[in-house]
Amino acid sequence: MLKNLSVKNFALIEKAELEFGEGLNILTGETGAGKSVLIDALGAVLGNRIGSNQIRSGCEDLRVEAVFFLPKNSAVHKIISELELEDDENLIISRKFSRSGKSVIVVNGSHVTLSALKKIGAALVDVHGQNENLALLRENSIYNLLDGADEKILSVKNEYRKLFKLWTNQVKSLEERRKKKFNNEQKLDMLKWQEQEISAADLKVGENEELEAEIRKLSHAEKISENISNACNLLGGTDFDILTALAKVEKNLDEVAKFDEKLNSARKLLEDAAISLREVYDEVKNYAEETEFSPGLLDKLHERMDVIFKLKQKYGGSIEKVLERLQKIREEIFEIENFDADLENSQRLILKLEGQTKKRAESLLNLRKDSAEKLSAAIEKEIRRLGMEKAKFKIEVQATENLTANGSDKADMFFSANVGEEMQSLAKIISGGELSRVALAIKTISVGREDSAETMVFDEIDTGLGGTTAKVVAEGIAKVSRSKQVLCVTHLAQIACMADVHLQISKSDDNERTITQVIKLDESERIKEISRMASGEETADSLKNAKTMILSAQKIKREIKRHGF
């Protein structure tokens, strides 16, 4: 629900603050006072395009701001969440536009794009103006009207959309794979060559680390051999090595032990050391005998490292990555070689899903035809009540060959205003005034059936109306305002007297500048305004008549509230 609208430097309006309430909000005033300008300002908040020509003369920029109250179940909350904006029960939209063309749009403190604002605005307010194509003329809106809140239709529609999504995803996947088929033969040769190249290398995880260690050893073969040889000579194998010296020491201590046992522990330690040194000698000697320092072997190791390096460069930064790539290559080869079989399986699945989807679409079509027949009769009756007594109206649902997100049918509204005229598509033939009344009739019948915006705007719906027809139109607007907030720009007293909130727009000249003012009328001021609208003057009789009209309107509104829809 729109709570208030702030407008600054927009066309004729220097500054205006409008507060709105629940139910029917009426905007009245003399022609040219700025009523439609205010509706245009609201449109700017909702995402309509604006230009520098709408900036008040002598000013550099314009600014409009609106505050909306959002019920908990409002569809706007979902949009705000998708846009990652701050979500609160109050939605504040601000838009500033300068002569340079710079536009700043802020929603709940965050900057948004014009497209995002349009998305939010479409869910907030449904604007009906004489020169606009109504949202209800769009096919999606017709489907929303037909499907409404009918649980049976909604259930079938949900089942259909699930099947339709599965079917379209399979079709899309098949088409993408068919496009690949043209390159598969050439790609298969390349993949097989890559598979052979990697497989022939017979890579092992950790192999490159082992090779690096072996290359490092062979690269220092001469120094290793020299040191091993020296170590062997020092440990044993000569007359002056360590083991020979230890044997002599052992013999000397054995002689001492014959006469004194105090060195027996030292003798034991020496024996243990000799055993350990013999083990060291044996290990070093075996290393020297087993190690082959061959220049040819070093060349082979370098060649192997080059193979691994090239494969890592081409297929990944490590042996693990290369082997992962090999697995993927084999999977691609398998997929290509079994492509035709997979295509046949996909085609069979698509045909099955298509049949199931068409069956659900047919059920949905039949349900919509029943809904269209009932709605058409009710809306036509309401249109005739609104002053077009010879009008004909029909919602037509026809089967089509194509499956779409909405089903396999096409929906349109057909209308004829006069006897003898052929019914044609509503969007092509209807005039602005007639369209507003048809929209009112549709909203009157469909309130509660569809998830539409909480606020509706009727801009001069009364064009060409008078007398009894004006009274019936007023009652229709009052009915809609029981479940929706309605903003209505009108010149007719019969409609204005139905107001829950009455705003008067006037203009005056101040220092050679035109200023538009907005006043929220109290009860006495309302009587004066209705008097002016009904008779063009304020006399005792016109004021009495205005008061009678307001009392009569209040009675009608109580009856509407009592009986509902």
Side-chain angles (χ1 to χ4, degrees), residues 192-331:
K192 285 185 175 181
W193 185 87
Q194 291 177 341
E195 195 273 342
Q196 176 61 29
E197 182 182 31
I198 300 173
S199 297
D202 193 23
L203 298 176
K204 302 291 187 297
V205 175
E207 180 183 3
N208 51 337
E209 288 84 358
E210 294 176 3
L211 286 170
E212 286 172 359
E214 190 68 18
I215 289 171
R216 185 167 58 251
K217 182 178 74 172
L218 293 177
S219 297
H220 299 85
E222 186 176 344
K223 183 175 288 188
I224 291 172
S225 295
E226 181 183 347
N227 283 281
I228 288 296
S229 178
N230 290 337
C232 284
N233 292 332
L234 288 171
L235 285 169
T238 67
D239 293 335
F240 304 100
D241 58 64
I242 294 173
L243 291 173
T244 300
L246 284 176
K248 291 178 179 180
V249 173
E250 285 178 352
K251 185 176 181 182
N252 290 330
L253 292 180
D254 287 340
E255 289 297 322
V256 172
K258 293 177 181 179
F259 308 103
D260 188 354
E261 295 181 355
K262 287 184 179 179
L263 293 178
N264 283 350
S265 60
R267 174 68 180 77
K268 176 61 177 171
L269 290 174
L270 183 63
E271 184 180 354
D272 292 341
I275 292 171
S276 296
L277 286 172
R278 286 190 189 96
E279 290 177 355
V280 171
Y281 175 67
D282 290 341
E283 189 171 339
V284 172
K285 187 178 179 181
N286 289 335
Y287 178 86
E289 292 173 352
E290 293 173 358
T291 302
E292 178 186 0
F293 294 105
S294 168
L297 178 59
L298 183 60
D299 290 342
K300 288 180 180 179
L301 293 177
H302 277 299
E303 288 174 5
R304 179 64 175 170
M305 283 296 289
D306 286 341
V307 170
I308 294 173
F309 177 78
K310 289 176 181 178
L311 291 175
K312 285 162 62 177
Q313 287 288 99
K314 289 176 69 174
Y315 302 108
S318 66
I319 288 179
E320 289 87 345
K321 293 288 185 183
V322 176
L323 292 175
E324 286 176 12
R325 177 59 184 151
L326 175 61
Q327 181 60 31
K328 289 181 181 178
I329 289 171
R330 286 171 174 168
E331 289 173 1

query: CG/N233 to CD1/I242 distance, rounded to the nearest 0.5 angstrom?
result: 11.0 Å
- prompt: Quick one: CG on N264 to CG on L269, what's the gap to the nearest 0.5 Å?
  reply: 11.0 Å
message: Between F309 and M305, is there a side-chain heavy-atom distance shorter than 4.5 Å?
response: no
Between CG on residue L235 and CG on residue L246, distance to nearest 0.5 Å: 10.0 Å
task: For the pair E283 and E279, evaluate side-chain contact (heavy atoms from CB on, under 4.5 Å) and give the outcome as yes or no after the intermediate values.
output: CA-CA 6 Å; E283 189 171 339; E279 290 177 355; over 6 Å; no
query: Going from CD on Q194 to NZ on K328, what distance comes out if it is rounded to the nearest 0.5 angstrom?
result: 13.0 Å
- request: For residues I329 and E195, report the shortest heavy-atom separation together with the two atoms involved.
  value: CG2-CB, 3.9 Å
Whether over 12 other heavy atoms sit under 6.0 Å from E209 CD: yes
query: Should we count CD of E261 as having more than 12 external heavy atoms under 6.0 Å?
result: no
- prompt: Looking only at heavy atoms, which two atoms of L326 and S199 are closest? And how far apart?
  reply: CD1-OG, 3.8 Å
- request: Write down the atom of K204, the atom of I319, and the distance for their closest heavy-atom approach.
  value: O-CD1, 3.5 Å
task: Please round to the nearest 0.5 Å and tell me the distance separating atom CG of L323 and atom CG of L311.
output: 9.5 Å
- prompt: Which atom names give the shortest non-hydrogen contact between A274 and L243, and what distance separates them?
  reply: O-CD2, 4.0 Å
- request: Can you spot which of L270, V256, N252, D254 makes a side chain to side chain contact (heavy atoms under 4.5 Å, CB included) with L263?
  value: V256
task: Can you see which heavy atom on V307 is nearest to which on A201, and at what distance?
output: CG1-CB, 4.2 Å
task: Supply the atom-to-atom distance L203 CG to E320 CD, rounded to the nearest 0.5 angstrom.
output: 10.0 Å
task: Determine, step by step, whether D282 and R278 satisfy the salt bridge (Lys or Arg N to Asp or Glu O under 4.0 Å) criterion, reporting the C-alpha distance in whole Å, the side-chain angles of both residues, the deciding distance to 0.1 Å, and the verdict.
output: CA-CA 6 Å; D282 290 341; R278 286 190 189 96; over 6 Å; no
task: Go through the steps for I228 and V284 under the test side-chain contact (heavy atoms from CB on, under 4.5 Å), then give the verdict.
output: CA-CA 7 Å; I228 288 296; V284 172; 4.1 Å; yes
Minimum heavy-atom distance E250-E271, with the two atoms named: OE2-CA, 3.8 Å
query: Which residues pass the side chain to side chain donor-acceptor pair (under 3.5 Å) test with E197, sequence neighbours left out?
result: K314, Y315
